[in-house]
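Because the structure is a prediction, the values reported are computed rather than measured.
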Amino acid sequence: VTGDGKFTVDGFNKVNFVVNKQFMAEGVGSLAVNADLEMKTPVMTALSRGDYQFDASGHSAVFNGTGVEGVVSHKDLTGRLAITADQVTVNTRVDLASGVFDITALTADAVIGDQAVVDLSGRAFAFADITKYTPGGNLNVRSNNGSIRFQQGSSINLNGGDNSQQGGSLHLQAINGNAYLQGDYQ
């Protein structure tokens, strides 16, 4: 669980994090890594006021699963997670109910891997005797000098909370490359 604040890791060739249960952004903050970054976690999420930025500019950033199914321990609406690096690979579960997930690859490809499950769908919330539904979230993927690759086996869910709610949005920008979209989309 992260809190508010900006953190920097410097002086290493590669930085590896292993998260056993879930990476959860609870506050507004960032992690700047002046090295290749690899995080292994079953799931990445954020609480409603969570807004967390990973910055590995000049290096690669790879987010892999751990082989354990990721389960989110909260049922709230979520905030935002963002990843910026020269090359970005997401190959784990990202669960942001009605949230925002931003990926920016500066010099190479932005990849949603074959094990990735990106769930930004809306949810149902009960208030006393009334159930309300939320819209889907926003997935924004940008590659400045490479391509965008959603691999076969990946899953993207931007559905609204029910048929009365608007689905989320998918924004893709492959400025000097192409977009290769395989996988499952809802």
Distance check, rounded to the nearest 0.5 Å: R123 atom CZ versus D95 atom CG? 5.0 Å
Quick check: closest heavy atoms across S143 and A108, and the distance to 0.1 Å? OG-O, 2.8 Å
Is the side chain of D114 donor-acceptor paired with the backbone N or O of Q152 at a distance under 3.5 Å, no angle test? no
Side chain proximity check, L120 to V118, heavy atoms < 4.5 angstrom: yes
State the CZ-CE distance between F23 and M44, to the nearest 0.5 angstrom. 6.0 Å
For the residue pair G146 and A174, what are the closest heavy atoms and their distance? O-CB, 4.2 Å
If only side-chain N and O atoms count, and only distance matters, is there a donor-acceptor pair under 3.5 Å linking S169 with N138? yes
Straight-line distance of D102 CG to Q53 CD, nearest 0.5 Å: 8.0 Å
Above 12 or not: heavy atoms from other molecules or residues under 6.0 Å from CG of D10? yes
Quick check for you: to the nearest 0.5 Å, what is the distance between L172 atom CG and R142 atom CZ? 12.0 Å
Indicate the ring-plane relationship of F54 and Y52, choosing parallel, tilted or perpendicular according to the 30° and 60° boundaries. perpendicular
Determine, using the 4.5 Å side-chain heavy-atom cutoff (strictly less than), whether V111 and L37 are members of one ILVMFWY cluster. no
Do the side chains of D55 and K6 get close enough for a salt bridge, i.e. N-O under 4.0 angstrom? no
Would Q22 and T45 satisfy side chain to side chain donor-acceptor pair (under 3.5 Å), going step by step from the backbone distance to the final call? CA-CA 7 Å; Q22 66 182 352; T45 189; 5.8 Å; no
In the structure I gave you, are the side-chain heavy atoms of D36 and N13 within less than 4.5 Å of one another anywhere? no
Between N144 (side chain only) and T107 (backbone N and O only), is there a donor and an acceptor less than 3.5 Å apart? no
Close side-chain approach of D4 to R49, heavy-atom, < 4.5 Å: yes
Rounding to 0.5 Å, atoms CG (D184) and OG (S155) come to a distance of 5.0 Å
Please examine the side chains of H59 and V33, heavy atoms only from C-beta on, and report whether any two atoms are closer than 4.5 Å. no
Non-hydrogen atoms of S98 and G122 that approach each other most closely: OG-CA, 3.5 Å
V117 with I83, same ILVMFWY side-chain cluster at under 4.5 Å: no
Can F63 be reached from F7 by stepping across I, L, V, M, F, W or Y side chains whose heavy atoms are under 4.5 Å apart? yes
I'd like to check N20 versus T66 (side-chain heavy atoms, cut-off strictly below 4.5 Å). Are they in contact? no
Can you give me the closest heavy-atom contact between A56 and A35, atom names plus distance? CB-O, 4.0 Å
Would you compute the distance between atom CG of L81 and atom CG of L96 and round it to the nearest 0.5 angstrom? 4.5 Å
Evaluate the side-chain proximity of T84 to L106: yes if any heavy-atom separation is below 4.5 Å, no if none is. yes
Do the non-hydrogen side-chain atoms of F101 and V90 ever get within less than 4.5 Å of each other? yes
With hydrophobic residues grouped by side-chain heavy-atom distances under 4.5 Å, do V9 and V19 end up in a single group? yes
With a 4.0 Å cut-off, would you call R80 and D51 a salt bridge? yes
Considering residues, nucleotides and ligands other than Y185, do more than 12 of their heavy atoms fall under 6.0 Å from its OH? yes
If you count heavy atoms of other groups shown closer than 6.0 angstrom to CD of Q186, is the number above 12? yes
Would you say I103 ends up clustered with L170 if hydrophobic residues are merged whenever their side chains have heavy atoms under 4.5 Å apart, either directly or through other cluster members? yes
L31 and F17, any side-chain heavy atoms less than 4.5 Å apart: yes
